[in-house]
Amino acid sequence: MNEIGPESDGEGLRVCVVVAQWNEFVTRKLLDGARAGLRERGVRADDVTVAWTPGSFEVPAAARWAAESGRFDAVVALGAVIRGETGHYEHIAAQAAAGLMRAGQDTGVPVAFGVLTCENAGQALERAGGVHGNKGEEAAAAAIAMARLRERLA
Ligand code: RBF
């Protein structure tokens, strides 16, 4: 039997982190977590590009541009969708997830999903370096694992 991964050595990988500015008090913490996760796994700071979008709705387009550019081995997508008072929540959260899945599948470049969808700011902060860990860091680990798996399986 052959078994591959999950691998965690990021040395030499070039990674684009796409991060939404909306709810920046959360997404900055996700970005900090992603940066730390990449660094701890050997990705060089010079090999990390951070691209800010206005909101999570725009994250899939930027992720696709990065994936299509040929300049990156993986993309980490970060955002925070918080329910608030309007029905926009479902649309933005669902479209971000679907768009990121499509960007990864259409390009073949791993796109890691680090977009929080939460009822309130407290829940979001719990997942951005609080009691539930940092989903930015987890997305960074997933990006590296998938970039290595692609190398092995492609
Ligand atoms: N962007 C987010 O990343 N998180 C949100 O919780 C969020 N809530 C929004 C709520 C409304 C009513 C609108 C109109 C936009 C919201 N956005 C949010 C911004 C959205 O992702 C996008 O940047 C803008 O709609 C401009 O295209």
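These numbers come from the heavy atoms of this one structure, side chains and all, not from hydrogens, waters or symmetry mates. As the structure lists them, so they are numbered: ligands from 1, and atoms in each ligand from 1. Residue numbers start at 1 and run along the sequence shown.
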Chi angles and distances behind the salt bridge (charged side-chain N to carboxylate O under 4.0 Å, His left out) call for E11, R41: CA-CA 7 Å; E11 203 199 330; R41 289 167 181 78; over 6 Å; no

Check: F57 N/O within less than 3.5 Å of ligand 1 N/O: yes

Test item, A80 contacting ligand 1 (heavy atom, 4.0 angstrom): yes

Of the listed options E58, R83, Q95, closest to atom 23 (O) of ligand 1 (non-hydrogen atoms): E58

Can you name the closest pair of heavy atoms from [X] and [Y] and give their distance?
X    : Y   : answer
E151 : L13 : OE2-CD2, 4.0 Å
G70  : R14 : O-NH1, 3.6 Å
V26  : A80 : CG1-CB, 3.7 Å
V17  : L78 : CG1-CD1, 3.6 Å

Would you mind listing which atoms of ligand 1 come within a distance below 4.0 Å of any non-hydrogen atom of [X]?
X   : value
N23 : 4 (N), 5 (C), 6 (O)
I82 : 6 (O)
I92 : 7 (C), 8 (N), 9 (C), 15 (C), 16 (C), 17 (N), 18 (C), 20 (C)
V81 : 4 (N), 5 (C), 6 (O)

F72 reachable from V111 in the ILVMFWY side-chain graph, under 4.5 Å edges: no

